[in-house]
Q: 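Structure incoming, see below.
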Amino acid sequence: MRNDRPPTSRKQPPRCLRPERRLAASAESRGQGSSRIPRWWVNTVVGLFLLVPAGLLTQTFFRAFSRVTIEHRFWSTEECWFFMLGSMLWMLWFFGSIWASGGPRPLRVYVFGHELTHAIWVWLMGGRVSHFEASRDGGFIVTDTHNFWIALTPYFYPLYSLVVVVLFIVASFFHNVTAETATFLFITPLQWMFLALGATWAFHLSFTGWMIPRGQSDLSYHGTFFSLVVIYVMNLLVIALFLIVAAPEITFVSFGRELFGNVEDFSETTWLALAAVAHRFSAR
């Protein structure tokens, strides 16, 4: 099926990509046969400017994480322990499956979630999905709407973690699961939630890290550098959200205040550096 806009697609491995789709995206993204500035070039410049907020957000996150870990012993809370346990159990499975079978399992589940995330954001933006395909060999959707957000959301939108949160919220309407002390396999419902969150987030992170070096058209169409910066920033925001929700000592207000303080410090340092350079040149 052909479309005026290149379909959002991902194939694994790269040789499974359909040539006509790959070449159509490449020609437009590089501006061949057109006098317009190539999209990948513009996005690369935007990506360079995004490095500053990416660095400030990284600094803010690690400062907040260090403070809550050292001063408030967040590492000893059950939320942290079960989240980390779920993450470690999944990573053991992930690398064990690669060692045993040459590839991660379950790949079909990841591909389905990846393409479904594309489709969800197409629908949220008022678009239409005319074809959906997801299998162990790869997947793609055909849509009449395409932008960088739709293309990149599967790389920072942990769909299965969101499913865990939604199920927990729905269950809370019928029963106070947070205060439930009954256990299943010696684990309470709240502990199960953090265990599942850790496993699903590690699922998202591991498959994302495994797939990115394998030639994804989602990234190359809008410029690989720009796409990687956006993916990094958005994944960091998701991790920061997890930290704020799990650690009562950190709130959205306190995190935002610290981020604003880092922005002020960076602006002041930059201004002083530029003033010093300007003074040196004017003194010559």
Side-chain angles (χ1 to χ4, degrees), residues 10-14 54 57-58 61-62 64-66 68-70 73-117 134-139 152-168 184-216 218-219 227-247:
R10 181 190 56 75
K11 286 292 184 180
Q12 188 280 326
L57 183 61
T58 302
F61 171 79
F62 280 105
F65 182 76
S66 299
V68 77
T69 301
I70 298 173
R73 297 174 61 86
F74 175 67
W75 59 268
S76 64
T77 62
E78 67 176 21
E79 292 89 350
C80 180
W81 272 100
F82 280 94
F83 184 89
M84 295 304 296
L85 177 62
S87 301
M88 288 187 292
L89 288 175
W90 168 256
M91 296 306 289
L92 285 173
W93 169 267
F94 182 79
F95 289 108
S97 63
I98 293 177
W99 177 79
S101 58
R105 300 289 187 274
L107 187 57
R108 188 190 301 271
V109 175
Y110 170 76
V111 174
F112 176 80
H114 184 106
E115 302 306 332
L116 180 59
T117 303
S135 67
R136 197 177 179 285
D137 295 325
L152 300 181
T153 43
Y155 300 96
F156 57 77
Y157 189 83
L159 180 64
Y160 294 116
S161 295
L162 181 63
V163 170
V164 171
V165 173
V166 170
L167 290 176
F168 190 83
F184 176 69
L185 297 179
F186 307 104
I187 300 177
T188 66
L190 186 62
Q191 292 168 345
W192 273 113
M193 185 197 72
F194 282 105
L195 186 74
L197 275 179
T200 52
W201 180 77
F203 171 91
H204 157 76
L205 191 66
S206 59
F207 268 108
T208 298
W210 188 76
M211 291 303 301
I212 282 178
R214 284 165 170 75
Q216 303 303 301
D218 296 334
L219 277 62
S227 299
L228 290 177
V229 174
V230 171
I231 290 170
Y232 172 79
V233 171
M234 294 306 300
N235 273 293
L236 189 58
L237 283 174
V238 170
I239 301 173
L241 178 62
F242 283 169
L243 181 65
I244 293 171
V245 171

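The figures that follow rest on heavy atoms only: side chains count, while hydrogens, waters and symmetry mates do not.
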Q: Going by heavy atoms in the side chains, are Ile98 and Trp210 under 4.5 Å from each other?
A: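 They are in side-chain contact.
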Q: Keeping Ser87 on the side-chain end and Ala199 on the backbone end, is there a donor-acceptor pair under 3.5 Å?
A: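 No; zero donor-acceptor contacts below 3.5 Å.
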Q: Which pair of non-hydrogen atoms, one from Ser97 and one from Pro104, has the smallest distance, and what is that distance?
A: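 Residues Ser97 and Pro104, closest heavy atoms: OG-CA, 3.4 Å.
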Q: Evaluate the side-chain contact (heavy atoms from CB on, under 4.5 Å) criterion for residues Trp201 and Phe83: first the C-alpha distance (whole Å), next the side-chain angles of each, then the deciding distance (0.1 Å), finally the verdict.
A: CA-CA 9 Å; Trp201 180 77; Phe83 184 89; 4.0 Å; yes
Q: By ring-ring contact (aromatic ring centres under 6.0 Å, His included), which residues pair with Phe203, not counting sequence neighbours?
A: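 Residues passing ring-ring contact (aromatic ring centres under 6.0 Å, His included) with Phe203: Trp90, Tyr160, Phe207.
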Q: Please determine, by modelled atom types, if Tyr155 and Ser227 share a side-chain donor-acceptor pair under 3.5 angstrom.
A: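 The answer is no; no qualifying pair exists.
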Q: Provide the closest heavy-atom pair for Ser135 versus Arg108 in the form atom of the first, atom of the second, distance.
A: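 So the minimum-distance heavy-atom pair works out to CA-NH1, 4.1 Å.
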Q: Using every non-hydrogen atom in the two residues, find where Leu159 and Gly113 come nearest and quote the distance to one decimal.
A: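 In terms of heavy atoms, the two residues are closest at CD2-O, 3.7 Å.
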Q: Side-chain contact, heavy-atom cut-off 4.5 Å: Ser161 with His204?
A: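 Sidechains of His204 and Ser161: no contact.
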Q: Can you tell me how far the CG atom of Leu236 sits from the CG atom of Leu243, to the nearest 0.5 Å?
A: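 Interatomic distance, Leu236 CG to Leu243 CG, rounded to 0.5 Å: 10.5 Å.
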Q: I'd like to know whether Val163 forms a side-chain contact (heavy atoms from CB on, under 4.5 Å) with Thr200, so could you lay out the CA-CA distance, the side-chain angles of the two residues, the decisive distance to 0.1 Å, and finally the verdict.
A: CA-CA 9 Å; Val163 170; Thr200 52; over 6 Å; no
Q: List for me each residue that meets ring-ring contact (aromatic ring centres under 6.0 Å, His included) alongside Tyr157, sequence neighbours excluded, and say none if there are none.
A: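 Here the qualifying residues are Trp121.
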Q: Working to the nearest 0.5 Å, report the span between CZ of Phe156 and CG of Asn235.
A: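 If I round to the nearest 0.5 Å, the distance is 8.0 Å.
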Q: Run Val238 and Met234 through side-chain contact (heavy atoms from CB on, under 4.5 Å) and show every step you take.
A: CA-CA 6 Å; Val238 170; Met234 294 306 300; 5.7 Å; no
Q: Where do Glu115 and Gly139 come nearest, in terms of heavy atoms and distance?
A: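 What the structure gives for the nearest pair is OE2-O, 3.2 Å.
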Q: Starting from the C-alpha separation in whole Å, work towards a yes-or-no answer on side-chain contact (heavy atoms from CB on, under 4.5 Å) for Tyr232 and Thr58.
A: CA-CA 10 Å; Tyr232 172 79; Thr58 302; 2.6 Å; yes
Q: Between Leu57 and Val233, which heavy-atom pair has the shortest distance, and what is it?
A: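 For Leu57 and Val233, the tightest heavy-atom pair comes out as CD2-O, 3.9 Å.
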Q: Looking at CZ of Arg105 and CZ of Phe94, how far apart are the two atoms once the value is rounded to the nearest 0.5 Å?
A: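 Arg105 atom CZ to Phe94 atom CZ measures 11.0 Å (nearest 0.5 Å).
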Q: To the closest 0.5 Å, what do you measure between CG (Leu162) and CG (Leu197)?
A: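 These two atoms lie 10.0 Å from each other.
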Q: Could you give the distance from CH2 (Trp93) to OG (Ser206), rounded to the nearest 0.5 Å?
A: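 That separation rounds to 12.5 Å.
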Q: When rounded to the nearest 0.5 angstrom, what distance separates CE in Met84 from CG in Leu89?
A: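 CG of Leu89 is found 11.0 Å from CE of Met84.
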